[in-house]
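One structure below.
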Amino acid sequence: MNKPNYLAFIPAKGKSSELKNKNLRKIKKKTLVEITIDEIKKTKIFDKILLSSDDDKILKIGKKKKIETIKRPRKLSNSNASTESALLHAIYELNLQKFKGIFIF
């Protein structure tokens with residue numbers, strides 16, 4: 001039986017409207033982005049982990065953790081932009097239509 005193709009999608013804006021730099025805040029010496037990536041990896045059910053951000057520091061963390069990253073345009077990172085718009089951007093830019101399931105973290 002073939003394993004389903006699952007994508008873990010992490011949308012992480014650089015600027016947060018409520019808590020400044022929340023994705024770069026540290027809890028026990030790890031940023032929120034690092035914690036999220038590590039926990040997703042522990043599950044071992046995802047074929048790909050994709051980090052989408054407009055912030056170079058956040059993208060650098062993803063590259064350091066050896067996951068795929070995509071630079072999100074500013075227009076998809078403002079307070080009016082939806083997670084769905086960021087996901088659709090990644091799907092079409094990276095040709096991710098092959099996945100059976102996409103999970104947003």
Side-chain angles (χ1 to χ4, degrees):
M1 187 165 142
N2 288 342
K3 177 181 163 191
N5 285 339
Y6 291 141
L7 169 70
F9 182 73
I10 307 168
K13 292 193 293 188
K15 305 274 188 238
S16 176
S17 55
E18 294 184 29
L19 184 59
K20 187 176 177 171
N21 294 320
K22 73 176 177 192
N23 290 308
L24 295 173
R25 294 242 174 155
K26 292 192 176 189
I27 301 170
K28 295 186 179 182
K29 300 184 182 182
K30 283 187 175 183
T31 65
L32 182 60
V33 171
E34 288 174 301
I35 292 167
T36 303
I37 293 167
D38 290 346
E39 292 302 312
I40 292 169
K41 283 183 173 184
K42 282 182 191 177
T43 69
K44 298 182 181 190
I45 63 169
F46 295 98
D47 300 288
K48 183 184 290 264
I49 302 171
L50 176 62
L51 174 65
S52 169
S53 184
D54 60 321
D55 186 278
D56 290 332
K57 288 179 186 176
I58 293 172
L59 293 171
K60 188 175 179 179
I61 291 169
K63 290 174 185 169
K64 179 182 161 193
K65 292 283 187 179
K66 296 183 173 39
I67 65 166
E68 189 162 353
T69 62
I70 185 168
K71 179 87 173 193
R72 192 185 323 169
R74 288 265 178 226
K75 69 181 180 183
L76 298 179
S77 298
N78 63 35
S79 59
N80 295 325
S82 66
T83 300
E84 291 80 10
S85 65
L87 176 59
L88 288 172
H89 167 258
I91 287 171
Y92 293 115
E93 287 293 314
L94 301 175
N95 194 27
L96 300 174
Q97 293 88 349
K98 67 181 178 192
F99 289 96
K100 299 275 186 222
I102 298 174
F103 297 79
I104 301 171
F105 291 87

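Position 1 is the first residue of the sequence, and the numbers go up from there. Note that these values count all heavy atoms, side chains included, but never hydrogens, waters or copies made by symmetry.
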Return the [atom1] to [atom2] distance between [X] and [Y], rounded to the nearest 0.5 Å.
X	Y	atom1	atom2	answer
E68	L7	CD	CG	8.5 Å
N5	F46	CG	CZ	12.0 Å
T31	K57	OG1	NZ	12.0 Å
I104	S52	CD1	OG	10.5 Å
L88	L96	CG	CG	11.0 Å

Which atoms form the tightest heavy-atom contact between [X] and [Y], and what is the distance?
X	Y	value
L59	K71	CD1-CD, 3.6 Å
I61	I37	CG2-CD1, 4.5 Å
G14	N21	O-OD1, 3.4 Å
D38	K65	OD1-NZ, 2.9 Å
A90	L50	CB-CD2, 3.7 Å
K29	E34	O-OE1, 4.4 Å

**Report entry** salt bridge (charged side-chain N to carboxylate O under 4.0 Å, His left out) involving E93 - partner list, sequence neighbours excluded
**Finding:** none

Query raised in the report: Got a sec, which residues hit salt bridge (charged side-chain N to carboxylate O under 4.0 Å, His left out) with R74, two or more places apart in sequence or on another chain?
Result: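 Checked R74 against salt bridge (charged side-chain N to carboxylate O under 4.0 Å, His left out); matches are D54.
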
Requested in this report: With L51 as reference, evaluate N23, V33, T36 under the side-chain contact (heavy atoms from CB on, under 4.5 Å) test and give the passing residue.
Outcome: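 The single option meeting the side-chain contact (heavy atoms from CB on, under 4.5 Å) with L51 is V33.
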
Requested in this report: Take atom NZ of K22 as the centre, draw a 6.0 Å sphere, and report whether it contains more than 12 heavy atoms from other residues, nucleotides or ligands.
Outcome: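 For K22, atom NZ is not crowded (no more than 12 foreign heavy atoms under 6.0 Å).
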
Query raised in the report: Do other residues, nucleotides or ligands put more than 12 heavy atoms under 6.0 Å from K41 NZ?
Result: yes

Requested in this report: Please lay out, stage by stage, how K28 and I35 fare under the test side chain to side chain contact (heavy atoms under 4.5 Å, CB included).
Outcome: CA-CA 10 Å; K28 295 186 179 182; I35 292 167; over 6 Å; no

Query raised in the report: Is there a donor-acceptor contact under 3.5 Å from the side chain of S77 to the main chain of P73?
Result: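 Flag set: sc S77 to bb P73 pair under 3.5 Å.
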
Query raised in the report: Side-chain contact, heavy-atom cut-off 4.5 Å: S85 with K75?
Result: no

Requested in this report: Determine, stepwise, if the pair I40 / I67 fulfils side chain to side chain contact (heavy atoms under 4.5 Å, CB included).
Outcome: CA-CA 11 Å; I40 292 169; I67 65 166; over 6 Å; no

Requested in this report: Take L24 and D55 through the side chain to side chain contact (heavy atoms under 4.5 Å, CB included) test and state the conclusion after the steps.
Outcome: CA-CA 10 Å; L24 295 173; D55 186 278; 4.2 Å; yes

Report task. Taking the six-membered ring for Trp and the single ring otherwise, decide whether the centroids of F9 and F99 are under 6.0 Å apart. Result -> no

**Report entry** In one Ile/Leu/Val/Met/Phe/Trp/Tyr side-chain cluster, 4.5 Å: I70, L76
**Finding:**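 Different clusters.
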
